[in-house]
Amino acid sequence: MRLNPHIKKMQQKYLFSLIESKERKMRAKNPHALIANLGIGDVILPLAPTIARSIQNAIQEMTIAGQMKGYGPSEGYLFLREAIAQQSYKGLSIASDEIFISEGANCDMTSLPELFSNRCKIGIIDPTYPAYLSSITLSGKKSKVTLIPCLEENHFVPFPPKEHLDIVYLCSPNNPTGIAMSRENLRKWVEYAHREKAILLLDNAYEAFITSPDVPRSIYEIDGAKEVAIESRSFSKSAGFTGLRCAYLVIPRAILKNKLRDMWEKRQSIKSNGVSYPIQRGAEAALSAEGIFETQQQIVYYLHQAKLLRQELLKLGFSCFGGQDSPYIWWKTPKGEGSWEFFQKILEKNHLISTPGSGFGIYGEGYVRLSAFTTQDQTELALAQIKSISK
Ligand code: PLP
């Protein structure tokens, strides 16, 4: 049997399973150790009541004769697409038929290469969410991939390169650095895309965490972006949907005169049977006034944990970044230690779980990521453990 040879090229093990296995080993050696886990970036606060009620009501509705819902539209129910257009893109003139509902930003961002030819030159910022690069490798595309570094000297902001690229993956606020691109930074990319006739694929999964006034909530706030940018957003981190699964992609009609939007519509009709009705009702509820109020409280809670962690690290003289427009802190390892080396050291000696920065790309080496998706108790434990780390 001829199998896909490209899977072999992938990292030996998924980053987080590797971290879990190291945690298990450590627990086996120290069964009574109190471990603070700031590793995986998954939500932990309970589902907002307005969202839960709406999902329950939708299921009840389906028990009534004549109100059963079977397969939904592959592009998503109109009620949710309209709610997104009116609420999330208020004032930006995004039409409901430019919005496509999906089960996650992961599947959207990793499926977008299907729209482009193998000959396209692809740019990906580094470090970033590793699934973009992995999915291109997995597809066997022969495309040339250029890594666009996000370095400390540039405040971890990626800048357009001199060379030509056809497609550019951007992630802002970026996972893992926690840094968001300002209006000015995004404008440079939009100008680049117009100049080079490139398409920007912006992963905006952490939009709800943006607090800086100079960071736009959407790339469509930048003039000319509708002709060159696709934006992905998700309810995962903004409304606690990592286990429920709901996200969306915006493909404006203005890109290549409708072409990309129409191609995606066709692609979705082939590959997707839609997201379940109750979950889409839950997502709609997340956009209601009560839903926004409840989820905003959760975001404030997570950002508060990020602030506590960041403040303590800085107070102790460590270098760290992010945590203002995102739930992630990007922590520079002291003494230039390698990411995995520092990860292992603070796991074994201080019982603190982080994520090695090199798992997010070559330019992530020398950093670890801390996730603020955690409780006050865990933050306090982590703060005590951080204090015991020798520099
Ligand atoms: N994009 C980024 C940047 C992420 O960090 C994550 C999850 O951690 C995802 C996408 C996945 O989002 P979803 O749960 O919507 O698939």
Side-chain angles (χ1 to χ4, degrees), residues 14-17 19-20 37-45 47 51 76 80 84 88 99-113 124-136 148 150 156 158 168-181 200-210 215 217-219 230-250 271-272 274-276 279-280 282-283 286 295 298-299 302 306 322-323 325-330 354-357 359-361 364 369-374:
Y14 177 58
L15 179 63
F16 291 102
S17 7
I19 293 172
E20 266 169 36
N37 191 345
L38 303 185
I40 195 154
D42 197 356
V43 292
I44 43 121
L45 294 176
L47 194 59
I51 298 172
L80 179 55
I84 294 166
S88 310
I99 296 168
F100 295 87
I101 310 301
S102 76
E103 66 178 58
N106 182 305
C107 68
D108 284 338
M109 291 301 291
T110 58
S111 302
L112 278 169
I124 303 181
I125 64 167
D126 184 315
T128 196
Y129 189 57
Y132 316 143
L133 182 58
S134 303
S135 62
I136 292 165
I148 305 160
C150 303
F156 302 99
V168 182
Y169 283 81
L170 299 174
C171 181
S172 175
N174 192 13
N175 176 11
T177 61
I179 300 293
M181 282 195 268
L200 307 176
L201 311 180
L202 175 72
D203 187 340
N204 197 359
Y206 295 94
E207 161 268 330
F209 291 82
I210 294 172
V215 174
R217 288 279 177 141
S218 164
I219 194 167
I230 292 177
E231 181 166 281
S232 161
R233 285 195 190 177
S234 174
F235 291 93
S236 279
K237 310 293 165 85
S238 62
F241 272 60
T242 52
L244 297 173
R245 312 303 300 142
C246 196
Y248 54 93
L249 208 53
V250 179
K271 288 209 168 175
S272 168
V275 173
S276 79
I279 296 304
Q280 291 196 55
T295 53
Q298 300 182 336
I299 306 279
Y302 291 133
D325 296 306
S326 113
Y328 299 125
I329 311 278
W330 195 227
S354 59
T355 306
F360 298 92
R369 187 195 76 175
L370 294 184
S371 160
F373 286 117
T374 187

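Order of appearance sets the numbers: ligands from 1, and atoms from 1 within every ligand. Source: prediction; values computed, not measured. Position 1 is the first residue of the sequence, and the numbers go up from there.
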Handout entry: Close N or O approach (Ala105, ligand 1; < 3.5 Å)
Key = yes
Practice task
Indicate the ring-plane relationship of Tyr169 and Tyr132, choosing parallel, tilted or perpendicular according to the 30° and 60° boundaries.
Solution key: parallel
Problem - Pair Glu207-Ser238, side-chain donor/acceptor within less than 3.5 Å - result: no
Completion exercise
For Arg245, the atoms of ligand 1 under 4.0 Å from one of its heavy atoms are 13 (P), 14 (O), 16 (O)
Handout entry: Min heavy-atom dist Asp203 to ligand 1 below 4.0 Å
Key = yes
Exercise for the section: Below 4.0 angstrom from a heavy atom of Ser234, which ligand 1 atoms are there? Numbered from 1 as shown, please. Expected result: 13 (P), 15 (O)
Handout entry: Any donor-acceptor pair under 3.5 Å from Thr355 side chain to Gly39 backbone
Key = yes
Completion exercise
Only residue of Asp203, Asn175, Asn106 satisfying side-chain hydrogen bond (donor to acceptor under 3.5 Å, both in side chains) with Tyr129 is Asn106
Problem - Contacting atoms of ligand 1, where contact means under 4.0 angstrom from a heavy atom of Ser236 - result: 13 (P), 14 (O), 15 (O)
Problem - Check: Ser272 and Ser102 side chains under 4.5 Å, non-hydrogen atoms - result: no
Practice task
Please work out which of the three classes, parallel, tilted or perpendicular, describes the rings of Tyr328 and Phe373, given edges at 30° and 60°.
Solution key: perpendicular
Fill in the blank from the handout: re atom 11 (C) of ligand 1, the protein heavy-atom contact at minimum distance is Tyr129 OH, 3.4 Å
Problem - Thr242 N/O to ligand 1 N/O under 3.5 Å - result: no
Completion exercise
The closest protein heavy-atom partner of atom 7 (C) of ligand 1 is Lys237 NZ, 3.2 Å
Practice task
Would you kindly say whether Asn174 and Thr128 are connected by a side-chain donor-acceptor distance under 3.5 Å?
Solution key: yes
Exercise for the section: Number the atoms of ligand 1 from 1 as they appear, then name those within less than 4.0 Å of a heavy atom of Cys171, with their elements. Expected result: 3 (C)
Problem - N/O separation below 3.5 Å, Asn106 to ligand 1 - result: yes
Exercise for the section: Report yes if the side chains of Phe241 and Ile279 come closer than 4.5 Å at any heavy-atom pair, otherwise no. Expected result: yes
Practice task
Nearest heavy atom to atom 4 (C) of ligand 1 wins, so pick from Phe16, Tyr206, Phe373.
Solution key: Tyr206
